[in-house]
Structures are given as C-alpha cells and as structure tokens.
Colleague: 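The structure under discussion is supplied below as structure tokens; questions concerning it will follow.
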Amino acid sequence: MAAISSDNHGLRLVVRYAVLTLIAAIFIFPLVFMVMSSFKPDLQLLRDTSSFRAFLPVGDLSLDNYRDAFTRAPVATFVFNSVLVTGLTVLLSLLFCSLAAFSFVFLNWTGRSVLLSVILATLIVPFETIAIPLLLLVSKLPWIGLDGFQIGWLNSYRVQIIPWIADGLTIFLFVQYFKDLPKELIEASRVEGASWWQIYRKVVMPLSGPVLATAAILKFLVMYNQYLWPLIVVQQESYRPVMVGLQYFFQLDTAWGEIMAYLTVITVPVLAFYLVLQRAFIASIASTGVKG
Amino acid sequence: MATVKLRGIRKSYGPVEVIKGVDIDINDGEFVVFVGPSGCGKSTLLRMIAGLEDITRGTLEIDGKRVNDLEPSKRGIAMVFQTYAIFPHMSVRENVAFGLTINGVGKAEKEAKVAEAARILQMEHLLDRRPSALSGGQRQRVAIGRAIVRDPKVFLFDEPLSNLDAALRMDMRMEIGKLHQDLGASMIYVTHDQVEAMTLADRIVVLKDGQVMQAGAPMDLYHEPANLFVAGFLGAPSMNFMDVRVSEVTESNVTVSNGALDPVAVPRKGRDFTPGQQATLGVRPQYLSPAETGRGMLHGRVALTERLGSETVLDITLKDGSKLIAALGEDRILAPGTEVNLNFDPGQAHVFPEQR
C-alpha cells in the first residue's frame with residue numbers, strides 16, 4: 001500500500017512539475033525569442049521564425065543591432081526619461097496614496113465614505129475617455145520653475161508625472177491593507193501620545209511592506225508602459241519615454257533586429273525592479289489570496 | 001496616582017444608547033474591576049475613560065480635572081489591550097520605550113525607565129527580542145511594561161488575560177495583583193471573568209446593559225447581592241435560583257415555599273414582598289448540604305455527580321422538576337439516582353422580588 005501511494009505521489013509530482021514547466025515556457029519563450037533575435041541580422045531573424053532556431057543562439061550573431069539602435073534613436077535618453085518619470089511617480093504615488101488611504105481609514109471626518117466611493121468609481125473610467133480633457137487642462141496650467149513663470153505643462157517631465165501620482169487603484173490597495181491592520185495598534189499609539197503623522201510614519205508605514213511592494217510594482221508597470229499620454233503631451237525628443245521611442249524603429253524600413261535589441265535594453269529596468277521586490281510581491285499576492 | 005470620577009456618563013451610537021448614565025468614584029490607588037457579560041458596555045466605558053471613545057453626555061474627571069475633551073495621551077492614563085497591541089516591527093525595548101521616544105525623552109532617562117520596568121516585570125532578558133519571538137504571556141508583559149514607563153495616574157486594563165491559556169492567566173493575574181501592590185496606582189480593569197474580578201478587585205462594579213447593577217467590595221457583592229443579576233453573575237458554580245411563592249412576610253423575614261421546598265423563613269433584607277406573590281429564592285451551591293437527620297428542606301434526586309477533587313458537584317433534579325446544583329465536600333459522593341434531602345442555612349439565602 002505504502003509503495004503504491006508513494007508512487008502515486010511521485011507521479012502527481014511529475015505531472016505537476018510538467019504543467020508548471022509548460023506554463024513557465026509559454027511565458028518565457030517570447031522573451032527568449034526577443035533576446036536571441038536581437039543578436040541576429042534581419043534576414044536570418046525572419047528566416048528563423050519558421051523553425052525552433054528562433055529560440056536558439058545560432059547562426060550569424062553580433063551586437064550590430066544594438067549599435068544601430070543606439071545610432072538611430074537616443075536610446076539612453078529614452079531609458080533615462082522613463083526611469084526618471086517612473087521612479088518619481090512611483091515614489092510620490094506611494095506617499096500621497098498611502099496618506100489619502102490613512103486619512104480614509106483612521107481619521108474621522110464627515111463625507112469620507114462618500115469621497116472614497118467616488119475615488120473607487122474612477123477605477124471604471126478608462127484613461128482614453130479623459131485623455132483629451134486632461135490634455136486641454138495641462139496645456140493651460142501655470143508653473144513656476146527654474147526658468148520662471150510659464151503657462152502650459154506640455155513638453156516636460158511634470159506633465160508625465162503629476163497627473164499619474166494619485167489613482168484610485170493604489171488608494172484602494174492601501175485602504176484595504178490599512179483596514180486589516182489591528183486597530184489596537186493605532187489606539188495604543190494614540191494613548192502613548194503619538195501624533196497622526198507619527199502613527200503614519202512609525203507604526204503604519206513600517207508594517208505596510210507587502211502593500212508598498214504591490215502598489216509599487218503595479219504603478220511601475222503602468223508608468224513604464226506609458227504610451228498614449230506621452231505621445232500627445234510630449235513632442236520634444238529630450239522628454240520622450242521608451243515606449244514612444246519605439247516608433248523610431250517602425251518607419252519606412254522596419255528594422256526587426258534593432259527593435260528586438262531596443263526591447264531587450266528597455267526590458268532590463270523592469271526585470272531589475274521586479275527582482276528587487278519579487279519576494280514582497282509574491283508574499284502580498286499570496287496573502288491576499290488566502291484571505292479571499 | 002489619582003482619583004477618577006464618572007458623573008452621569010452616557011454614550012450613544014446614533015439612536016442606540018449603550019451607556020445609560022454611569023456614576024462611579026474611583027479612589028486614589030484603588031483597584032476597580034468592571035465586570036459583566038459581553039455587550040454590557042464595560043469595554044466601552046473603559047475606552048471612554050481612555051479617550052478612545054467620545055463621551056456623549058456626562059462628566060469625566062481624572063485627578064480632579066475634567067478630561068472629557070482631552071486627547072488620550074493628555075489624560076495621564078496608560079492602557080493595556082486584550083490583544084496586547086505591541087508593535088511587531090519593534091524590539092521589546094523599542095516597544096516599551098515607544099511613548100518616551102515619541103515624547104522626546106532623553107536617552108539616559110529612557111534607558112533607566114525601561115530597565116526599571118523590565119526589572120519589575122522580570123523581562124530583562126527579553127529586551128532585544130522581537131514580539132514574534134515571545135509567548136502570549138511575555139507579550140502581555142511587554143504591553144504592561146509600556147504602560148509602566150509612562151508613570152500614569154491611572155492604569156486601564158481591557159480584558160488583558162483573555163487571550164492567554166488558563167495556567168498562564170492565573171500567573172499573570174497574580175502578577176497584576178502584585179503590580180498593583182508595588183506601584184500603588186489607581187487601576188481600572190475590565191473583564192467578563194468573575195474569578196478575575198473577585199480575586200483582583202478592591203471594588204467590583206457589575207454592569208449590565210450599560211448600567212451599574214451594583215458596586216462594592218468583592219465579598220460584599222458575593223454575600224449581599226443587590227439583585228438577581230449580581231447574585232447570578234458572581235460565584236462559581238453560580239447561585240441556584242428557585243421560583244417560590246411568598247406565604248408570610250414579617251418585619252425581618254419572608255417565608256417562601258414551592259413544590260420541592262418546604263416553607264422556610266429567609267431574611268428579607270429590606271425588600272418588599274406581599275403574601276401570595278411569586279418571588280425568586282437564591283441559594284449558593286456551597287451552602288447546600290444533605291440532611292443528616294430529619295427530612296430536610298429540599299427534596300430531589302441526584303441526576304449527575306461531578307467529582308472535582310476538592311469538591312463534588314451534584315446535579316439534582318428537584319421534585320417539581322427544576323434543576324439544582326449542590327457543591328459538597330470532596331468525599332460526599334452520591335451515586336446518580338440517589339434520593340436526597342437537602343438543608344441550607346436560611347441566613348445565607350436570598351429572596352428577590354423579581355422573577356427570573
């Protein structure tokens with residue numbers, strides 16, 4: 001009996017790992033294809049797509065595509081812009097959305113539940129519907145910067161950052177997480193004499209690692225993948241992010257090898273960011289799963 | 001150390017009133033226990049004293065000063081929560097010193113106070129641990145330590161032992177009692193456990209439905225309960241109640257009886273009765289004993305025998321079908337089915353005009 005059951009167990013394990021490997025392969029093959037193709041000349045690249053060679057480092061391999069991509073477009077500038085805009089937006093978003101959620105959950109003020117409902121309702125509004133009104137708005141907003149007073153935010157970093165700082169989803173994530181924190185911790189802090197700011201900084205935030213990681217990664221992906229918004233508000237090359245930069249490679253002669261090289265380069269920050277936060281991210285997804 | 005005065009304290013959530021006018025005076029250095037069943041408002045009352053709940057009406061004074069509108073931290077109180085409420089991301093030392101850190105107390109003073117609290121609670125060896133590496137009892141000790149270092153006028157305890165297992169609960173109960181002796185501070189302690197109330201309190205306040213049922217020294221409440229609720233709430237096993245009919249009322253006594261109880265004259269303790277009325281007779285299980293001679297006052301049959309070692313608890317079905325618990329000496333073991341006639345000292349019995 002014992003032997004049979006252990007055989008069963010082994011078989012189940014094999015099947016489970018086979019299925020998991022298959023799923024992992026489905027997800028990783030496009031990435032492998034992208035990286036491999038980035039080293040191949042266009043002709044070979046297109047020929048290889050009909051066979052398994054597309055996923056293998058075979059044939060005429062070189063770094064030419066990378067060299068050409070960097071010549072065709074200011075890739076470093078695009079990556080810098082995207083990392084700067086994304087990084088700042090993520091940081092500011094975590095700060096402001098968590099403060100908003102803190103106020104919704106822990107402070108007692110009239111109308112907070114109504115306002116929270118309104119904020120949550122914005123989750124169902126697609127960005128495309130507000131893109132044009134938002135464009136009209138930011139084109140008329142004033143700004144005082146290093147170069148003095150001016151009207152209009154177009155062609156800047158701020159126009160890519162500020163409208164994206166506060167969003168319903170991030171606030172919602174924080175609200176849900178804060179609601180699950182034991183309220184006695186907050187009450188004990190109040191009895192001990194902590195101000196609301198101290199409670200936020202010394203008690204709530206240090207306990208919010210999982211939600212900070214989740215919110216950061218979701219925000220990072222949204223921001224790094226920005227396309228429509230920067231396309232309409234940024235005409236100057238020096239402020240352009242990576243996704244808009246992709247257009248440079250889709251002109252008269254589509255250079256597939258260079259596109260693959262470009263994509264490989266711009267994927268690196270995403271992977272780096274994910275790897276840093278991976279543990280916290282998985283933990284938070286897993287814990288929300290358990291709570292159902 | 002300070003006095004606490006509650007005057008006409010009321011609390012409403014919308015149209016629902018949960019605290020219905022409470023007046024309590026707590027003396028300097030007194031250990032007062034609020035006890036009552038769940039939902040009686042005892043925790044709400046404590047939280048109102050702490051400042052975690054608003055006071056709808058009435059006046060709360062601590063140390064002679066009205067504190068209704070003061071922030072919790074300005075009231076001179078420290079609170080220990082049922083769930084300990086210690087910060088999981090800080091070491092024990094940081095937890096205990098939290099209030100001092102927040103209030104900008106100097107490093108030397110802070111360390112001295114933490115060391116003193118750790119000494120009192122015998123947890124010097126735990127100071128650098130994280131809460132996750134502590135047992136329930138140790139965590140509660142940390143919470144108490146955090147209260148001690150603030151040197152509060154009044155300690156507030158909100159069911160601090162409810163999350164501990166039975167053995168630990170007894171240890172911690174004794175420690176809290178000892179802490180009160182050592183510090184001599186005023187303490188208000190909320191529990192639903194009447195054993196904690198009886199053992200710890202200088203004075204017990206029994207609450208029900210947001211009202212004070214009776215307040216007084218533990219043994220006074222035990223021996224002279226003001227009403228049916230207090231009589232039934234304090235004491236284990238709880239007091240036996242029998243539906244009886246009043247046959248005679250004199251200056252000092254009232255004579256009652258029912259189908260299983262021969263007429264007996266019980267002190268009426270100033271309560272008003274009229275002959276013929278229905279009333280409730282209360283006798284504690286410890287005051288019942290099998291009749292050695294004669295036919296006894298109460299007649300029934302043993303339904304169940306529980307041997308607890310120190311005593312034997314008999315579950316008795318009386319002649320009229322009602323149930324009765326008798327707690328006898330350890331060797332008084334009667335087999336189920338045995339007919340019993342029981343006696344009790346009428347001086348230890350209580351008659352209440354209200355019915356169950």
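So that the names make sense, note that chain A is the first sequence line, chain B the second, and so on, each numbered from 1.
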Colleague: Any side-chain heavy-atom pair from Glu184(A) and Gln82(B) closer than 4.5 angstrom?
Modeller: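 Not touching, per the 4.5 Å side-chain cut-off.
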Colleague: What distance separates Tyr84(B) OH from Leu185(A) CG, expressed to the nearest 0.5 Å?
Modeller: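 Reported to 0.5 Å precision, the distance equals 13.0 Å.
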Colleague: If you round to the nearest 0.5 Å, how far is CD of Glu187(A) from CZ of Arg47(B)?
Modeller: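 Reported value, rounded in 0.5 Å steps: 4.0 Å.
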Colleague: Within a radius of less than 6.0 Å around NZ of Lys20(B), do more than 12 heavy atoms belonging to other residues, nucleotides or ligands occur?
Modeller: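 Count over threshold, so yes.
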Colleague: Taking Thr101(B), Thr83(B), Asp158(B), Val80(B) one by one, which has the highest count of heavy-atom pairs under 4.5 Å against chain A?
Modeller: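 Counting heavy-atom pairs under 4.5 Å, the top option is Thr83(B).
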Colleague: State whether the number of non-hydrogen atoms from other residues, nucleotides or ligands found under 6.0 Å of Phe220(A) atom CZ is greater than 12.
Modeller: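 Enclosed: over 12 neighbouring heavy atoms sit under 6.0 Å from CZ of Phe220(A).
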Colleague: Would you say that more than 12 heavy atoms from the other residues, nucleotides or ligands in this model lie under 6.0 Å from the CG of Leu13(A), or not?
Modeller: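 Enclosed.
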Colleague: Check the pair Ile102(B), Gln198(A) against side chain to side chain contact (heavy atoms under 4.5 Å, CB included), reporting the backbone distance first and the verdict last.
Modeller: CA-CA 8 Å; Ile102(B) 288 286; Gln198(A) 285 171 320; 3.4 Å; yes
Colleague: Can you name the closest pair of heavy atoms from His89(B) and Leu207(A) and give their distance?
Modeller: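 Scanning both residues, the minimum pair turns out to be ND1-CD2, 3.3 Å.
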Colleague: So which of Ala85(B), Gly51(B), Ala147(B) has the biggest tally of heavy-atom pairs under 4.5 Å with chain A?
Modeller: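 Maximum pair count with chain A is reached by Ala85(B).
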Colleague: Tell me, for Ala78(B) versus chain A, whether the close heavy atoms (under 4.5 Å) come from the side chain, the backbone, both or neither.
Modeller: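 Just its backbone gets close to chain A.
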Colleague: Check whether more than 12 heavy atoms from other residues, nucleotides or ligands sit under 6.0 Å from atom CZ of Phe96(A), and answer yes or no.
Modeller: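 No, not enclosed.
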Colleague: Is it the side chain or the backbone of Phe87(B) that comes within 4.5 Å of chain A heavy atoms, both, or neither?
Modeller: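 For Phe87(B), backbone and side chain are both near chain A.
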Colleague: Do you know the tightest heavy-atom contact between Glu192(A) and Arg150(B)?
Modeller: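 Here Glu192(A) and Arg150(B) meet closest at OE1-CD, 3.0 Å.
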Colleague: Side chain, backbone, both or neither: which part of Ile86(B) has a heavy atom under 4.5 Å from chain A?
Modeller: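 Answer is backbone: N, CA, C or O of Ile86(B) sit under 4.5 Å from chain A.
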Colleague: Is it the backbone or the side chain of Arg75(B) that comes under 4.5 Å from a heavy atom of chain A, or both, or neither?
Modeller: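 For Arg75(B), neither part sits under 4.5 Å from chain A.
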Colleague: Using a 6.0 Å cut-off, check whether atom NZ of Lys11(B) has over 12 heavy atoms from anything other than its own residue.
Modeller: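 More than 12 heavy atoms, drawn from other residues, nucleotides or ligands, come within 6.0 Å of this atom.
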Colleague: Counting heavy atoms not belonging to Met243(A), are there more than 12 under 6.0 Å from its CE?
Modeller: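 Above 12, so yes.
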Colleague: Could you check whether any side-chain heavy atom of Phe98(B) comes within less than 4.5 Å of a side-chain heavy atom of Ser189(A), counting everything from C-beta outward?
Modeller: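 With C-beta onward as the side chain, the pair touches.
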Colleague: Nearest 0.5 angstrom please: Arg190(A) CZ to Met79(B) CE, how far?
Modeller: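 Those atoms lie 11.0 Å apart.
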Colleague: Take atom CD1 of Ile124(A) as the centre, draw a 6.0 Å sphere, and report whether it contains more than 12 heavy atoms from other residues, nucleotides or ligands.
Modeller: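 Open.
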Colleague: Around atom CD1 of Ile130(A), are there more than 12 heavy atoms of other residues, nucleotides or ligands at under 6.0 Å?
Modeller: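 More than 12 within 6.0 Å, yes.
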